[in-house]
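Report on one structure; see the data block that follows.
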Amino acid sequence: MERRPATDVFHDWAVRGKDEGMERGHALSVAEMVDFISVKSEQRNSNFSAVDVGCGNGWVVRILADNPLCQQVVGIDGAKAMIDKAKSIDDDNQYICARLPDYSPTTKFDYIHSMEFLYYLDEPEQMLQLFHDNWLKEGGWAVIGIDHYMENEDSLSWPEHVGVNMATRTISQWETAWNKAGFNKVEHWVAGGEEGVTLVFVGQKS
Ligand SMILES: C[S@@+](CC[C@H](N)C(=O)[O-])C[C@H]1O[C@@H](n2cnc3c(N)ncnc32)[C@H](O)[C@@H]1O
């Protein structure tokens with residue numbers, strides 16, 4: 001199948017309403033990721049800011065915004081129809097249509113959340129470095145989930161099936177990239193319940 005930019009494919013998905021299926025499919029794994037952020041912010045007991053990178057229709061932005069300690073949350077995605085949809089549902093939070101890694105935020109965040117985005121980039125390691133250097137405050141955490149990786153054999157046919165390039169890495173290569181980018185307290189687990197395959201990595205800038 002012909003390969004297209006991921007943002008074009010997901011623009012079409014939003015137009016056809018396929019973003020809602022994605023939301024349902026990612027819900028269990030994202031619940032664990034959002035829970036990680038809730039627990040950390042309760043431990044710190046201070047207000048926080050967050051960004052959801054590759055936010056799709058913004059459903060996780062709205063979950064994060066419901067946390068009483070959350071002061072500001074921004075959603076960023078390069079698919080125009082995803083951001084149009086997010087804005088049509090939610091006037092309270094900020095949504096930005098931007099292509100990564102070219103976009104740089106004007107302020108830094110306490111948390112970066114990102115689900116099923118990073119491997120659509122040609123060089124995800126470079127994005128991890130940018131997250132660490134330019135997007136996170138000191139002490140902030142990145143919480144990133146991916147379903148396409150070498151050990152998840154079912155996912156290896158997705159580039160051909162979806163018609164989009166994906167950066168396929170092993171768990172060990174991801175771990176090296178997180179450490180190389182300068183993150184501390186790097187941990188990973190597989191999220192999403194008994195059948196779950198989401199590889200979640202977390203790491204702190206400190
Ligand atoms: C698999 S979807 C996940 C959406 C959302 N995180 C969710 O869980 O429902 C991947 C999202 O990443 C966005 N994306 C992919 N590559 C991008 C890039 N280079 N710049 C900005 N957004 C990108 C797509 O437009 C798409 O909305």
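Counting begins at 1 with the first residue of the sequence. Counting convention: from 1, in listed order, for ligands and their atoms alike.
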To the nearest 0.1 Å, how far is atom 14 (N) of ligand 1 from its closest protein heavy atom, and which atom is that?
-> F117 CD1, 3.8 Å
Would you call D12 and R16 a salt bridge, using N to O less than 4.0 angstrom?
-> no
Looking at V61, D77, I96, the heavy atom closest to atom 25 (O) of ligand 1 belongs to D77
Tell me, please: is W13 in heavy-atom contact with ligand 1, that is, under 4.0 Å?
-> no
If a pair satisfies salt bridge (charged side-chain N to carboxylate O under 4.0 Å, His left out) and one of its residues is in residues 134-158, list it, with sequence neighbours excluded.
-> D110-K137
Please report which non-hydrogen protein atom sits nearest to atom 8 (O) of ligand 1, along with the residue it belongs to and the distance in Å to one decimal place.
-> H26 ND1, 2.7 Å
Which part of P101 is near ligand 1, with near meaning a heavy atom under 4.0 Å away: side chain, backbone, both or neither?
-> neither
Among protein heavy atoms, which lies nearest atom 20 (N) of ligand 1, and at what distance?
-> L100 N, 2.9 Å
Approximate separation, where rounding is to 0.5 Å, of W59 CH2 and M115 CE | 7.0 Å
For the residue pair H11 and V15, establish whether any side-chain heavy-atom pair is separated by less than 4.5 Å.
-> yes
Give the residue, atom name and distance (to 0.1 Å) of the protein heavy atom nearest atom 1 (C) of ligand 1.
-> E116 O, 3.3 Å
Using a strict 4.0 Å cut-off to heavy atoms of G78, name the atoms of ligand 1 that fall inside it.
-> 21 (C), 22 (N)
Start with the C-alpha gap between T107 and S49, add the side-chain angles, then the distance that decides, and say whether side-chain contact (heavy atoms from CB on, under 4.5 Å) holds.
-> CA-CA 10 Å; T107 53; S49 61; over 6 Å; no
The side-chain hydrogen bond (donor to acceptor under 3.5 Å, both in side chains) partner of N57 among E20, K87, K85, E23 is E23
Residue A79 vicinity, atoms of ligand 1 by number, heavy atom under 4.0 Å = 25 (O)
At what distance, to the nearest 0.5 angstrom, does NE2 of H26 lie from CD of E116?
-> 4.5 Å
Minimum side-chain heavy-atom gap V186-F201 below 4.5 Å = yes
Would you kindly specify which portion of L121 sits under 4.0 Å from ligand 1, judged on non-hydrogen atoms: side chain, backbone, both or neither?
-> side chain
Which residue owns the protein heavy atom closest to atom 6 (N) of ligand 1, what's the atom, and how far is it?
-> G54 O, 2.7 Å
Enumerated ligand 1 atoms positioned under 4.0 Å from heavy atoms of A6 | 15 (C), 16 (N)
Per-atom contacts, ligand 1 versus A98 - under 4.0 Å to a heavy atom | 20 (N), 21 (C)
Give the numbers and elements of all ligand 1 atoms closer than 4.0 Å to a heavy atom of W59.
-> 7 (C), 8 (O), 9 (O)
Looking only at heavy atoms, is any part of M115 under 4.0 Å from ligand 1, and if so is it the side chain, the backbone, or both, or is it neither?
-> both
Ring centres under 6.0 angstrom apart (F10, Y120) | yes
Group every Ile, Leu, Val, Met, Phe, Trp and Tyr by side-chain heavy-atom contacts under 4.5 Å, then state whether W141 and W174 land in the same group.
-> no
